[in-house]
Amino acid sequence: MKNMIKVMFVCHGNICRSPMAEFIFKKMVAEKGMANDFYISSSATSTEEIWNGVGNPVYLPAKRELLKHGISCEGKRAVQLKYSDYEKYDYFIGMDRANIRNMNIILKGDKDSKIYKLMSFTENGGDVADPWYTGDFEITYNDIYNGCKSLLEFLLR
């Protein structure tokens, strides 16, 4: 791989699903010895978790679920997806249909076909359940883990 692959994970608030995906994916590429081949980040479609320009940290139950799997997300704070991000990243990976719709609005469409839904890389498709509403961070972790594993296989093909 000559050029770094730049991946942006996106969810509604950037405090649960997209940061979980960011740090799960970072661990996966590091375990393959490919950390230097990727630039991985995450963002929100909304500003609900951002106050006076400062994003909230990762939601505690999401943080705890990552720690159960030996993954730290220390220092991560919510940021909003910006139109200017479109030129900076190769892949924008949304967690559900609403994220995809809002990403298309923020990024003013997807002329280069960079927007994907994470679960579209897996056999079951669908959306990553939002643990903010379900309260089940383990199911969300498993969805994201499987999605990231399939995404990485896709990118390495």
Side-chain angles (χ1 to χ4, degrees), residues 1-45 55 57-59 61-82 84-104 106-107 110-132 134 136-157:
M1 260 186 237
K2 338 158 251 327
N3 287 343
M4 192 177 270
I5 298 172
K6 298 178 192 80
V7 180
M8 170 76 81
F9 291 100
V10 183
C11 70
H12 183 75
N14 194 216
I15 60 163
C16 295
R17 294 175 296 170
S18 61
M20 287 174 81
E22 173 185 347
F23 290 96
I24 289 168
F25 200 65
K26 281 179 175 175
K27 182 179 182 193
M28 282 181 184
V29 300
E31 286 172 347
K32 287 203 177 291
M34 304 175 76
N36 295 332
D37 299 320
F38 286 86
Y39 181 81
I40 303 158
S41 190
S42 65
S43 63
T45 58
V58 175
Y59 188 48
K63 200 177 204 169
R64 276 198 292 262
E65 188 61 40
L66 287 173
L67 284 172
K68 272 197 235 169
H69 301 275
I71 301 170
S72 170
C73 59
E74 211 45 59
K76 172 66 184 175
R77 288 188 165 273
V79 295
Q80 189 182 24
L81 179 67
K82 299 185 298 291
S84 60
D85 289 328
Y86 196 78
E87 296 309 316
K88 297 175 189 162
Y89 288 86
D90 304 308
Y91 297 92
F92 293 88
I93 311 296
M95 300 295 132
D96 62 32
R97 285 185 310 276
N99 302 154
I100 300 297
R101 183 188 64 235
N102 293 328
M103 290 157 70
N104 273 292
I106 293 167
L107 300 172
D110 185 21
K111 64 179 172 32
D112 301 325
S113 301
K114 297 179 177 187
I115 297 177
Y116 297 85
K117 193 166 66 165
L118 181 62
M119 298 311 283
S120 69
F121 294 99
T122 68
E123 290 164 15
N124 60 348
D127 292 344
V128 174
D130 190 339
W132 183 261
T134 67
D136 195 328
F137 288 81
E138 188 176 352
I139 284 177
T140 299
Y141 177 91
N142 292 334
D143 278 353
I144 293 171
Y145 179 87
N146 291 327
C148 284
K149 193 167 159 254
S150 299
L151 170 62
L152 186 55
E153 288 165 7
F154 167 82
L155 294 176
L156 297 180
R157 242 180 259 133

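Side chains included, hydrogens not; waters and symmetry mates left out as well; all remaining heavy atoms used. Along the sequence shown, residues carry numbers from 1. Model, not experiment: these values are computed from the prediction.
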Using side-chain heavy atoms (C-beta onward) and a distance below 4.5 Å, is [X] in contact with [Y]?
{"X": "Tyr145", "Y": "Asp143", "value": "no"}
{"X": "Tyr91", "Y": "Lys6", "value": "no"}
{"X": "Phe9", "Y": "Pro19", "value": "no"}
{"X": "Met95", "Y": "Cys16", "value": "no"}
{"X": "Ile106", "Y": "Thr45", "value": "yes"}

Greater than 12 external heavy atoms within 6.0 Å of [X]'s [atom1]:
{"X": "Lys27", "atom1": "NZ", "value": "yes"}
{"X": "Asn36", "atom1": "CG", "value": "no"}
{"X": "Glu153", "atom1": "CD", "value": "yes"}
{"X": "Arg77", "atom1": "CZ", "value": "yes"}
{"X": "Leu67", "atom1": "CG", "value": "yes"}

Heavy-atom closest contact ([X] atom, [Y] atom, distance):
{"X": "Met119", "Y": "Gly125", "result": "CB-O, 2.9 Å"}
{"X": "Glu22", "Y": "Ser42", "result": "OE1-OG, 2.6 Å"}
{"X": "Phe23", "Y": "Ser72", "result": "CD2-O, 3.4 Å"}

Kindly compute the distance separating OG (Ser18) from CD1 (Ile93), expressed to the nearest 0.5 Å.
-> 12.0 Å
Yes or no on side-chain contact (heavy atoms from CB on, under 4.5 Å) for Tyr141 and Ile139, after CA distance, side-chain angles and deciding distance?
-> CA-CA 5 Å; Tyr141 177 91; Ile139 284 177; over 6 Å; no
Using distance alone, with no hydrogens and no angle criterion, decide if Asn146 and Thr122 have a side-chain donor and acceptor under 3.5 Å apart.
-> no
Asp136-Thr134 side chain donor-acceptor pair, cut-off 3.5 Å = no
What residue among His12, Arg101, Arg17 forms side-chain hydrogen bond (donor to acceptor under 3.5 Å, both in side chains) with Asp96?
-> Arg17
Salt-bridge test for Asp90 and Lys114: reply yes if a basic N is under 4.0 Å from a carboxylate O, no otherwise.
-> no
Could you label the plane-to-plane angle of the Phe121 and Tyr116 rings as parallel, tilted or perpendicular, counting under 30° as parallel and over 60° as perpendicular?
-> tilted
